[in-house]
Amino acid sequence: MAEALHALRCYGHIVRMWIRAALAYPASFWMTMLGNLGASGMDFVIIIVMFLHTHALGGWSLPQVAFLYGTSGLTLGLADLFVGSLDQLGVRVREGSVDTILVRPVPALAQLAGDRFALRRIGRVAQSGAVLVWSLVQLDLAWTPLKALVFVSLLLSGTLIFGSVFVGGSAFHFFMADAAEVQNSFTYGGATMLQYPPTIYARDIVRGTVFGVPLAFVNWLPALYLLGRNDPLGLPSWFRFASPVAALLCVAAAGLLWRTGVRSYRSTGS
Amino acid sequence: MYAAVCLRSFRRYSTYRAATGARVFTNTVFGFILSYTYLALWQVRPHLGGYDLSAALTYVWIGQGLLSVLAINDLGALSDLQTRIANGDVAVDLFRPVDQQRWWLAVDAGRAGYQLLTNALVPMLVGGLFFHLRLPQGTAAATVATWAATAVALLLALLVSYAMRHLIALTGFWLLDLRGVQLVYYLVSCFFSGFFLPITTFPPLLEAVARALPFVAVFQVPADVFLQRYDATGTLAALGVQVAWAVVLLGLGRLVQSRAVLKVVVQGG
Amino acid sequence: MNETLIEVEGVTKSFVVRRRAGRFRRTREEVHAVAGLDFTVRRGEMVGYIGPNGAGKSTTVKMLTGILLPSTGRLRVAGADPVRDRVRLAQRMGVVFGQRTTLWWDLPLRDSYELARRIYRIPDATYTRNLDRCVELLELAPLLDVPVRQLSLGQRMRGDIAAALLHEPEVLYLDEPTIGLDVVSKRRVREFLARVNADLGTTVLLTTHDLTDIEQLCSRVMVIDHGRVVYDGGLDGLHEQGRSERTLVVELERELPPVELPGARVVRCEGTRQWLAFPASASAAPLVAELAARYELRDLSVREPEIEDVIARMYEEAERPVAAVPSH
């Protein structure tokens with residue numbers, strides 16, 4: 001416990017150090033920040049262009065799709081902000097600088113997740129958050145305590161699930177340093193997929209996101225409850241509340257993968 | 001000599017097997033996602049933007065296939081030039097008796113050639129397996145003409161794309177951190193080239209803006225040539241637009257390059 | 001101060017290397033980077049660890065620091081297993097990799113030290129004392145606010161060594177600390193290391209290609225080749241082990257055929273000058289006396305063997321297959 005706290009404190013210090021370094025060049029910082037904001041906003045512009053030609057996509061209205069877009073972007077954005085730096089692990093493995101991380105008395109995960117912490121990634125968080133707020137205003141949900149709870153748990157669980165995908169995906173860099181980009185399919189690709197209603201996809205794909213890489217628990221399933229929609233797969237209704245369980249399973253699986261990755265690095269050194 | 005440079009670059013890219021595989025996988029995943037959104041949209045509006053469903057889906061997979069080849073959202077081989085500018089190695093290059101713009105074009109062409117055989121082919125084959133895609137149709141002569149015109153359009157698209165990326169890389173002579181510029185460039189490039197959605201689906205004003213920008217010459221034009229959206233004169237006109245953009249942008253690149261050289265010579269980097 | 005700090009017993013490390021053989025075929029090959037290491041290091045010792053490229057030096061350091069897990073054998077640092085007790089031991093060791101930095105590349109040097117303070121939980125007083133000492137002795141003051149990537153190799157190495165010592169480690173592993181440095185930086189680094197060892201009693205294990213490092217710093221040297229220790233002892237003993245020879249250079253009155261002298265052999269003749277080799281362990285005096293009695297000499301000098309030659313000969317010996325000796 002004390003070790004975990006120490007790891008967290010070191011992570012925090014590394015993060016603060018990088019923020020200070022980034023702010024040393026304010027013009028460049030704001031430019032990349034705005035670039036990030038725009039880059040994530042582009043996806044929403046496309047959705048708007050689509051809705052210029054239709055009132056519903058897969059049976060979902062624009063505010064409803066915006067809700068999916070906002071929650072998907074916000075959770076991915078937060079996960080990316082906190083642990084997105086891990087995607088540089090491949091480069092570090094190739095140039096051999098992981099060794100320098102492993103000789104310090106702090107878990108490698110804490111050091112690597114904080115390394116090159118990019119505050120500019122908050123651009124996506126802000127933009128998605130704005131869309132989410134707009135959608136909530138438009139949707140005018142009849143809030144109940146349970147709905148509020150599900151909503152908060154959606155944001156937390158979603159962030160944890162995406163974070164786990166980042167961590168678990170990065171662990172593969174210990175085995176195949178060059179194949180870094182595959183992880184993008186599950187993080188950025190997954191988030192793009194979750195921006196649209198599950199009804200537009202083939203059912204096998206949706207099933208894959210429930211029982212395979214459990215991205216459906218990020219926002220699709222809780223959104224079914226919050227927006228009062230039918231499940232295209234006809235799953236039992238408790239699936240809509242199971243996101244925290246899925247998140248915990250993801251965290252455990254990611255932790256296991258990470259440990260296996262570090263252990264493999266230990267025995268091959270490559 | 002430039003042919004040798006091009007070949008060497010081709011070989012170099014062919015050694016990045018795992019990275020290529022990963023990229024192909026990502027492109028394929030995005031191809032599926034985009035295809036389903038198009039399916040949903042075209043179900044409601046079967047002839048949106050003048051494309052039927054099969055043409056629209058083909059458009060998606062051409063896009064995923066050409067994303068890397070035409071370097072729509074990365075710098076391609078010019079990331080090496082950017083690195084050399086950033087670390088000062090570029091000064092050495094400037095003293096060599098070669099034309100820098102042609103040299104890097106050769107390097108980038110080698111890259112594009114390799115990616116055409118891998119990154120372009122695989123996603124399109126996968127897309128063809130799962131969706132009904134549209135190949136050039138009509139008489140044998142018309143089909144051959146379409147394939148030939150597509151090849152020319154692709155070459156010109158690469159030239160325009162190269163010219164723009166060359167300009168972006170050259171800004172490194174004046175800017176300390178290129179990340180912001182690059183991000184904005186990728187964004188504008190993806191959107192206005194019609195990579196996400198054909199520009200004919202844009203609202204009129206946005207479509208007019210897109211038509212006035214060089215990005216259409218990079219993606220929408222070759223895709224439309226392949227999908228036989230132009231008649232003979234239309235095709236020639238479209239290729240003409242590409243040539244015009246290539247000439248203008250490459251000329252601009254020369255100008256900026258000579259300014260950059262001057263800067264290096266005067267200030268020593 | 002005689003307690004054992006590092007114990008290595010029968011440690012081996014092998015890797016499976018996959019090579020591309022042809023277009024799609026791959027061959028698996030087992031490579032023994034370390035093939036049965038045995039040695040101990042006492043607290044406060046300063047040991048040089050040398051060997052040709054690929055001999056297993058870096059692999060040894062990686063196993064000692066807990067980065068790599070040995071395939072077989074027993075390895076203890078301060079009584080603990082470096083891999084299992086990695087975090088606890090990391091607190092008590094410092095590591096410098098000559099080829100890559102442990103500093104944070106894009107940030108000022110000072111930030112790397114501040115971070116080390118948090119990571120190693122260094123008490124304020126200790127931190128200030130050690131930093132001040134390093135800054136003074138390694139002349140780091142003008143570099144503290146410079147981003148690491150802008151430092152020269154020599155400056156960076158000094159920065160790295162300081163970073164490895166802020167938490168007062170009991171043992172310091174240095175992997176090629178002087179590689180690529182200029183003469184002045186090398187001297188400064190050596191002086192500093194000698195001082196740290198003398199003042200703080202820090203145990204130092206140093207791998208290097210530069211034998212001057214060893215000559216100036218280490219009383220004990222281990223030579224490793226093909227994953228085994230082929231020599232362990234003082235520098236002097238190295239000469240005997242390497243069967244090195246000293247050379248007697250004589251200038252004769254007139255040109256003669258090679259001289260006859262028991263206990264020495266002529267290795268080179270050039271006009272009136274002749275080179276005679278004799279075992280480094282033998283005394284030169286009787287040879288000189290005998291020679292003077294037999295021949296008329298104009299001049300004479302004795303050349304000590306170069307340590308490089310000694311080591312080179314030792315590596316060559318290790319290359320040759322050892323004649324099989326029945327062990328019982």
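Chain letters run A, B, ... following the sequence lines, proteins first, then strands; residues in each count from 1. Just so it is clear, the model here is predicted, and its values are computed rather than measured.
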- Query: Name the one of B:Leu197, B:Leu41, B:Ile199 that satisfies side chain to side chain contact (heavy atoms under 4.5 Å, CB included) with A:Val49?
  - Reply: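 For A:Val49, the side chain to side chain contact (heavy atoms under 4.5 Å, CB included) test succeeds with only one of B:Leu197, B:Leu41, B:Ile199, which is B:Leu197.
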Using non-hydrogen atoms and a 4.5 Å limit, figure out which bit of [X] sits close to chain B: side chain, backbone, both or neither.
X        : value
A:Ala27  : neither
A:Ile205 : side chain
A:Phe186 : side chain

- Below 4.5 Å from any heavy atom of chain A, which atoms of B:Phe30 appear? Answer side chain, backbone, both or neither. side chain
- Query: B:Val181 versus chain A, heavy atoms under 4.5 Å apart: side chain, backbone, both or neither?
  - Reply: both
- Message: With rounding to the nearest 0.5 angstrom, report the CD1 to CG distance, A:Ile46 to B:Leu34.
- Response: 7.5 Å
Contact summary for [X] and [Y], nearest pair of heavy atoms:
X        : Y        : result
B:Val44  : A:Ala56  : CG2-O, 4.1 Å
A:Ile200 : B:Ala40  : CG2-CB, 3.6 Å
A:Ala39  : B:Leu183 : CB-CD2, 4.0 Å

- Message: Would you say CG of A:Leu52 has more than 12 non-hydrogen atoms from neighbouring residues, nucleotides or ligands within 6.0 angstrom?
- Response: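 Check passes, neighbour count above 12.
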- Task: Please tell me if the side chains of B:Phe196 and A:Met42 come closer than 4.5 Å, counting only heavy atoms from C-beta onward.
- Result: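 SC-SC contact between B:Phe196 and A:Met42 confirmed.
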Go through chain B and chain A and list any donor-acceptor pairs closer than 3.5 Å, backbone and side chains both.
| unit_1 | atom_1 | unit_2 | atom_2 | d |
| --- | --- | --- | --- | --- |
| B:Thr26 | OG1 | A:Glu181 | O | 3.2 |
| B:Thr26 | OG1 | A:Ser185 | OG | 3.2 |
| B:Arg45 | NH1 | A:His53 | O | 3.1 |
| B:Asp177 | OD2 | A:Ser28 | OG | 2.7 |
| B:Thr201 | O | A:His53 | NE2 | 2.7 |

- What option among B:Leu48, B:Val29, B:Leu39 has the most heavy-atom pairs under 4.5 Å with chain A? B:Leu48
